[in-house]
*Asks:* 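What follows is a single structure, and I will ask about it in a moment.
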2 protein chains.
Amino acid sequence: MVTLAEVAQHAGVSASTVSYVLSGKRSISASTRERVEQSIQELGYHPNAGARALASSRSNIIALMVPLRTDMYVPVMMEIAIAVATTARTHGYDVLLLTGEEGPDAVRRVTGSGLADAMILMDVELDDERLPLLRATDQPSVLIGLPADTTGLTCVDLDFGATGALCAEHLALLGHRDIAVIGEAPAVYERHTGFAERTLDGLRARSRELGLRVLHRPCEGGYDAMALTLARILDERPGTTGFVVQNESAVEPLLALLRQKGRAVPEDVSVIAICPDQVATQASVRLTSVAIPAQDMGRQAVEHLIAKLEGRGKDEVVLIAPELTVRASTGPAPAAP
Amino acid sequence: MVTLAEVAQHAGVSASTVSYVLSGKRSISASTRERVEQSIQELGYHPNAGARALASSRSNIIALMVPLRTDMYVPVMMEIAIAVATTARTHGYDVLLLTGEEGPDAVRRVTGSGLADAMILMDVELDDERLPLLRATDQPSVLIGLPADTTGLTCVDLDFGATGALCAEHLALLGHRDIAVIGEAPAVYERHTGFAERTLDGLRARSRELGLRVLHRPCEGGYDAMALTLARILDERPGTTGFVVQNESAVEPLLALLRQKGRAVPEDVSVIAICPDQVATQASVRLTSVAIPAQDMGRQAVEHLIAKLEGRGKDEVVLIAPELTVRASTGPAPAAP
DNA sequence: ATAGTCTGTCGAAGCGCTTCGACAGGGCTT
DNA sequence: AAGCCCTGTCGAAGCGCTTCGACAGACTAT
């Protein structure tokens with residue numbers, strides 16, 4: 001293992017000079033800088049992370065807490081995680097992957113040990129146990145998701161309220177009057193993650209203004225659950241012509257079932273999905289959808305975190321504006337029979 | 001920040017004693033141990049990761065390199081990553097998330113800086129640029145996947161050859177004679193990741209023994225690509241009655257298309273998927289499938305890595321035996337017309 | 001010419017921990 | 001009773017880096 005001292009000796013300067021070349025915190029003459037950089041190259045020097053962390057009390061590591069359960073939006077989580085990792089690297093940070101398993105203890109461990117300089121939390125619940133800890137520590141953090149009380153916190157999330165409203169608007173504009181919302185699995189609502197409720201609230205509020213009737217049904221993914229849910233919806237509101245689906249694993253079953261029942265998409269019924277673009281374009285019908293901007297969320301979370309680490313940046317809630325892309329699954333409501 | 005020294009003072013012992021209580025590397029009397037543990041509790045002490053890494057030259061961190069591209073098996077990757085993280089924690093290790101983006105440089109950086117004690121690589125290509133580096137360093141590593149040359153390496157993977165054979169056997173046993181393999185996107189083959197080829201080789205070899213005719217077609221996911229691929233297959237081999245699908249995003253489109261063409265599953269055609277169980281059970285038909293044991297792969301990779309870190313454990317290739325679960329998508333071949 | 005200001009470099013301290021050798025004291029053996 | 005070996009504890013060195021204050025030398029202002 002090559003050390004700073006060896007580089008210094010090789011370049012004929014003192015250790016501190018090498019350190020300053022590396023950090024740029026003091027001015028160094030062009031000639032020495034070159035000599036040092038040359039030596040670093042030749043010897044293949046890499047600063048020792050532990051020593052650096054100890055001396056500077058900054059680890060250059062960001063902790064990312066991902067949910068342990070994988071009952072929803074797995075590709076989204078993955079995409080966020082990857083976006084976080086790549087964005088962090090462009091700022092010279094590495095990412096430590098924590099699972100939700102340890103819960104609040106993980107927060108204590110990370111802040112206590114100086115393992116990471118800051119953290120990003122995903123899958124935040126409305127009244128998350130980790131929040132008091134985050135507020136108590138002076139270590140910067142960013143949430144991806146929105147808890148009930150955001151005071152003293154920085155949060156990044158899709159504006160799910162606006163997303164719901166956008167869906168309502170689109171369907172209303174096409175002349176639909178009775179719409180159904182296929183929601184996440186009941187477990188998601190019980191866990192109080194918030195985003196599902198916010199979507200629904202936004203959608204309901206806008207629907208009221210536009211005169212839409214809304215029926216909401218949570219739904220486990222899969223064919224059987226969807227079949228049951230759809231049957232109930234059509235039983236209760238046979239005139240339903242618009243569907244908003246917020247559950248990746250219900251999308252394809254829904255399309256198959258509609259097909260099977262002889263209801264053509266988009267001629268007879270319209271379907272909007274709230275899902276990543278990839279899902280929308282690969283479905284059996286190219287879906288009109290509101291995208292979940294996973295990359296953007298990950299990237300913004302990191303940018304805000306870095307801003308806080310550098311003393312810039314304040315607590316704030318960043319809601320990303322939803323965008324609806326019209327594809328082949330929505331069309332004018334059929335004339336009333 | 002509480003330090004070792006403060007704990008020592010609080011407990012009325014020396015710093016080294018506290019250290020030995022923590023590490024258990026020397027015997028400590030029950031009474032002092034208790035006193036020290038008490039102090040640790042009271043003061044809320046967490047050892048400083050940087051200092052520990054510097055002094056012991058072990059970071060207690062495992063690096064995990066995940067693929068940057070997300071063109072395939074994303075849920076599998078995620079599941080593996082989570083399994084790695086949780087298993088690592090049970091052994092006292094944390095996980096550093098690296099993306100494939102940096103390529104070989106990431107390996108240099110991690111080994112050079114002592115950021116991690118060991119690494120796990122996913123998405124290994126047959127002739128991966130990172131392999132020479134891994135062989136050159138004395139830092140332990142485990143691959144998830146199988147390169148062309150495994151000498152000096154430890155690898156964990158599903159036995160895709162046996163997986164292919166298993167699919168062939170199942171279909172042959174049911175009386176099918178003409179089968180088609182819907183493979184991964186062409187890009188996957190071009191990248192030489194190996195697993196797709198191995199599946200095919202295993203399947204072809206067993207098919208030859210069993211007298212099956214095999215048609216292989218790579219396929220981008222999605223409805224349109226699948227439609228094209230299926231049309232070509234049925235054009236070339238109209239008598240095809242068995243499908244093996246190794247591409248998550250082709251599964252549902254295939255089922256929809258078959259339905260649309262009036263070919264009933266499993267009465268007219270049988271479909272086997274090579275995919276995680278979750279996908280198989282949530283599809284519009286409950287799919288007979290060979291599971292991709294993501295959790296198991298992640299867990300085993302960590303176990304082997306830990307073994308190497310502890311001096312036990314040797315270079316070896318661990319192939320996980322595939323298991324075929326019969327569900328509702330396969331049945332006897334229809335009588336010849 | 002003198003004092004004052006920069007610029008570039010160095011030496012030394014110290015970050016919080018692990019670990020090695022030393023050693024006091026108690027229990028054996030002989 | 002002398003010598004020995006354990007067991008449990010301590011002190012000190014040192015891991016590789018950052019950073020602070022010091023300072024030599026070159027330059028500017030008076």
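Letters A, B, ... are given to chains in the order of the sequence lines, protein chains preceding strands, and every chain is numbered from 1. Basis for what follows: all heavy atoms, side chains included, without hydrogens, waters or symmetry-related copies.
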*Asks:* Taking DNA chain D as the partner, which of residues 27-43 of chain B come within under 4.0 angstrom of it by heavy atom?
*Replies:* B/S27, B/I28, B/S29, B/T32

*Asks:* Counting N and O atoms only, with roles assigned by atom type, does the side chain of A/S56 sit under 3.5 Å from a partner on the main chain of A/R52, one being a donor and the other an acceptor?
*Replies:* yes

*Asks:* Starting from P on C/dC17, measure out to CG on A/L54 and report it in whole angstrom.
*Replies:* 9 Å

*Asks:* Could you check how far CE of B/M1 sits from P of C/dG14, rounded to whole Å?
*Replies:* 21 Å

*Asks:* Looking at C/dC20, does its base get a donor-acceptor pair with the side chain of B/Y20 below 3.5 Å?
*Replies:* yes

*Asks:* In terms of side-chain heavy atoms of B/K25, which of D/dC17, C/dT19, C/dC10 is nearest?
*Replies:* C/dT19

*Asks:* Between B/R135 and B/D149, is the closest basic N to carboxylate O distance under 4.0 Å?
*Replies:* yes

*Asks:* Measure from the side-chain heavy atoms of A/S56 and tell me the nearest of D/dG16, D/dT19, D/dC10.
*Replies:* D/dT19

*Asks:* Check every atom of D/dT18, D/dT9, C/dC17 against the side chain of B/T17 and return the nucleotide holding the closest atom.
*Replies:* D/dT9

*Asks:* Output yes when B/E102 and B/R109 qualify as a salt bridge under the 4.0 Å nitrogen-oxygen rule, no when they do not.
*Replies:* yes

*Asks:* Between A/R26 and A/L4, which is nearer to the 5' end of DNA chain D once each is assigned its nearest nucleotide?
*Replies:* A/L4

*Asks:* Please work out if A/S16 contacts a base, only the sugar-phosphate, or nothing of the nucleic acid, heavy-atom cut-off 4.0 Å.
*Replies:* base

*Asks:* Regarding A/S57, tell me which of base, sugar-phosphate or nothing describes its non-hydrogen contacts under 4.0 Å with the strands shown.
*Replies:* nothing

